[in-house]
Protein chains: 2
Amino acid sequence: MPTIKVAILGFGTVGEGIYRILQERKEAIQKETGYTIDVHSILVRNKGKVRLTIPGTKVTDDVQEILSNPEIDVVFEAIVGEEPAYTYLSEAIEKGCHVITANKAMFAKHGPALLKHAQFRDVKVCYEATTAGGVPIIRTISSLLPADRVRRIRGVLNGTSNFILTKMREEGISFEAALREAQARGFAEADPTDDVGGMDAFRKLMILSTLAFGKQPDWQDVPIVGIDQLTIPDIADASKGNLRYRHVANITIEADGTLRGSVGPVLIEPGHQLYGVDGVDNAVIVDTEHLGALTLIGPGAGMYPTASAMVGDLLQIIGKRETVALTS
Amino acid sequence: MPTIKVAILGFGTVGEGIYRILQERKEAIQKETGYTIDVHSILVRNKGKVRLTIPGTKVTDDVQEILSNPEIDVVFEAIVGEEPAYTYLSEAIEKGCHVITANKAMFAKHGPALLKHAQFRDVKVCYEATTAGGVPIIRTISSLLPADRVRRIRGVLNGTSNFILTKMREEGISFEAALREAQARGFAEADPTDDVGGMDAFRKLMILSTLAFGKQPDWQDVPIVGIDQLTIPDIADASKGNLRYRHVANITIEADGTLRGSVGPVLIEPGHQLYGVDGVDNAVIVDTEHLGALTLIGPGAGMYPTASAMVGDLLQIIGKRETVALTS
């Protein structure tokens with residue numbers, strides 16, 4: 001059976017999740033695709049800290065051992081931050097590898113360049129896990145295009161903010177107290193600025209904009225408001241009116257092609273698709289010309305949702321190899 | 001540029017929608033896929049009744065003119081009822097055509113046989129439009145497998161029933177009055193038995209069962225309850241408690257592999273993902289091992305949603321031709 005050799009850059013929760021799913025589902029993937037997936041190498045920061053025993057896989061802290069190996073077909077990238085992730089993926093593409101990333105900060109900024117580069121090298125760049133965690137929004141929008149036209153995308157794209165808003169409403173606690181709970185439960189970083197200030201949701205919105213509209217608005221033209229200004233009375237007032245605050249990222253294309261984006265708290269009424277999106281869930285509503293409104297709701301983060309989105313990307317890359325007979 | 005020749009069987013609203021989308025999006029599809037789509041033939045019941053002028057396309061009432069033509073690559077089937085649709089698609093597959101169907105009554109029963117047949121002939125059977133209209137649930141579940149395992153699927157799968165329940169709640173009218181309005185607005189058939197009795201939702205559930213679990217439960221083991229027994233007081237009582245009736249189709253796989261299905265009205269509370277699914281919308285919640293719960297909500301019917309789902313199927317078939325370089 002033909003083998004596909006993959007490397008995993010970064011072995012935190014997501015990287016480990018990818019490894020685990022590829023092991024657990026090895027036979028199912030063989031049966032379905034005809035390929036054996038071989039995790040050839042894993043890049044770690046500290047070789048002493050690897051928790052799993054990994055037979056048959058090279059564990060290294062030198063990225064060049066991976067990038068200079070012509071046997072690697074696909075690189076999974078599960079590192080945090082723009083660099084060195086962007087440089088690693090550029091090199092991988094240059095070497096003819098397909099790449100799969102979960103890195104939203106890197107991809108919001110460098111995604112267009114990586115996609116262009118990949119086109120020249122005839123490889124794929126997959127990024128389902130960058131946006132809305134386990135919600136397959138990239139694949140869904142990709143498959144709607146080119147038979148349809150997207151007009152608007154809006155959604156709850158940051159699970160941390162949504163968890164905090166949910167806690168504030170359900171328990172009547174302050175933003176600060178809810179944030180501390182999110183941090184204690186591992187849903188928020190030690191520095192939560194990007195999450196609660198709206199920058200993380202903004203970045204995901206830009207990734208969706210590139211996908212759906214082929215371009216991004218000027219970043220400075222998009223107003224970004226976080227949830228950090230919302231007070232206990234704000235939330236209580238909303239609840240009295242049976243409303244809920246959601247942190248909504250929104251982008252619309254106007255008739256002349258202008259993009260209008262915004263990120264900030266919005267009051268939502270019962271019966272609206274975003275009303276029931278509580279906790280760390282994410283949601284995206286896509287308005288299109290032919291389909292009308294399509295809503296997707298699911299887990300916004302977590303080891304398995306993110307990792308399974310990335311394994312799903314791998315299966316898409318493999319699936320493309322299959323050829324079908326078209327007579328003409 | 002290479003050309004893909006397609007035939008459309010049936011030229012009602014859906015068939016016409018397919019034709020229109022393929023014309024409108026011709027250049028976008030060429031640009032994205034590298035293929036020109038040529039609508040080679042259309043099968044109609046009555047040649048005198050065709051509304052559109054269709055230059056360059058053969059309009060025929062003889063299916064053999066289509067099925068015996070070796071040039072046809074893909075057959076779209078937009079006919080109602082099990083037969084002759086099943087026979088036509090069997091013949092098309094036997095001739096080596098890919099087929100795309102929107103026919104749920106036919107596919108619930110004959111889908112497993114058609115899929116098997118297609119495997120032997122190395123062609124594709126696509127059926128996104130059979131289930132939940134424009135909601136891409138088939139593609140979404142397909143792409144979750146084989147990296148994940150589905151545990152449960154539940155949803156609102158019949159737009160007519162959901163429209164009637166919505167009208168009864170919002171306007172306080174009887175089932176009969178709401179049904180008449182659905183019929184007047186074209187959302188219900190002259191004989192609405194399959195919709196309001198639950199059979200239509202059941203069939204879609206069986207299609208999802210085959211996809212997600214590789215099998216269906218014995219049909220007679222699945223209790224099917226329609227919405228036709230719900231009275232004005234039932235709905236009013238629910239509303240007093242801030243609840244809404246939804247007609248929910250549900251299937252679960254137990255640890256020993258047994259499938260348990262049910263179809264019937266269920267009371268839903270605010271904050272539940274199905275609470276806001278009003279009118280002719282459909283919704284599906286998929287529970288999986290790795291992802292948790294994923295919800296999709298969108299238009300359950302309509303010319304463009306159904307037709308654009310079928311054109312999306314065509315793009316999936318074309319996309320598969322693309323080969324990517326895997327070094328090993």
Side-chain angles (χ1 to χ4, degrees), chain A residues 2-5 21 25 28-29 31-33 70-71 73 96 98 122-124 134-136 139-140 143-148 270-273 275-276 278 289-299 302 304-305 307-308 311-312 314-328, chain B residues 2-5 21 25 28-29 31-33 70-71 73 96 98 122-124 134-136 139-140 143-148 270-273 275-276 278 289-299 302 304-305 307-308 311-312 314-328:
Chain A
T3 299
I4 292 173
K5 289 194 164 53
I21 292 175
R25 305 294 291 168
I29 293 171
K31 199 172 152 214
E32 187 74 15
T33 68
E71 285 187 296
D73 299 300
H98 306 285
D122 203 21
V123 296
K124 297 277 164 200
V135 179
R139 216 165 292 149
T140 300
S143 80
L144 293 177
L145 309 165
D148 205 341
H272 191 288
Q273 307 302 15
Y275 189 81
D278 265 342
E289 187 179 326
H290 291 320
L291 197 59
L294 179 67
T295 304
L296 281 82
I297 305 167
Y304 274 119
S308 79
V311 174
L314 176 66
L315 295 173
Q316 276 231 317
I317 292 171
I318 299 176
K320 297 276 181 189
R321 185 156 196 178
E322 190 183 344
T323 50
V324 296
L326 292 164
T327 57
S328 6
Chain B
T3 298
I4 291 173
K5 289 194 164 53
I21 292 174
R25 306 294 292 168
I29 294 170
K31 201 174 149 210
E32 187 73 16
T33 68
E71 285 187 295
D73 299 301
H98 306 286
D122 202 19
V123 296
K124 297 278 164 199
V135 179
R139 217 165 292 149
T140 300
S143 80
L144 293 178
L145 310 166
D148 205 341
H272 191 286
Q273 308 303 14
Y275 188 80
D278 265 343
E289 188 179 327
H290 291 319
L291 197 60
L294 180 67
T295 304
L296 281 81
I297 305 168
Y304 275 119
S308 79
V311 174
L314 175 66
L315 295 173
Q316 277 232 318
I317 292 171
I318 298 176
K320 296 278 182 190
R321 183 154 197 183
E322 189 184 345
T323 50
V324 295
L326 292 164
T327 58
S328 8

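Every chain is numbered from 1 and lettered A, B, ... according to where its sequence line falls, protein lines coming before strand lines.
Taking each heavy atom of A/Ile297 and B/Ile297 in turn, the nearest pair found is CD1-CD1, 4.3 Å. Closest heavy-atom contact between A/Ile21 and B/Ala147: CG2-O, 3.8 Å. Counting all heavy atoms, side chain and backbone alike, A/Ser308 lies closest to B/Leu291 at OG-CD1, 4.0 Å. Here the shortest heavy-atom pairing between B/Leu294 and A/Gly298 reads CD1-CA, 4.3 Å. Nearest approach of B/Tyr275 to A/Pro270, heavy atoms of both residues: CE2-CB, 4.5 Å.
The candidate with the highest count of non-hydrogen atom pairs below 4.5 Å against chain B, out of A/Ser143, A/Ala307, A/Gly292, A/Gly312, is A/Ser143.
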Check your understanding: Stepwise, does the side-chain contact (heavy atoms from CB on, under 4.5 Å) test hold for A/Asp148 with B/Val311?
Key -> CA-CA 9 Å; A/Asp148 205 341; B/Val311 174; over 6 Å; no
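Expressed to the nearest 0.5 Å, how far CG of B/Asp278 lies from NE2 of A/His272 amounts to 12.5 Å.
For the pair B/Arg139 (side chain) and A/Thr140 (backbone), a donor-acceptor distance under 3.5 Å is absent.
Using a 4.5 Å cut-off between heavy atoms, B/Ala293 touches chain A through its backbone atoms (N, CA, C, O) alone.
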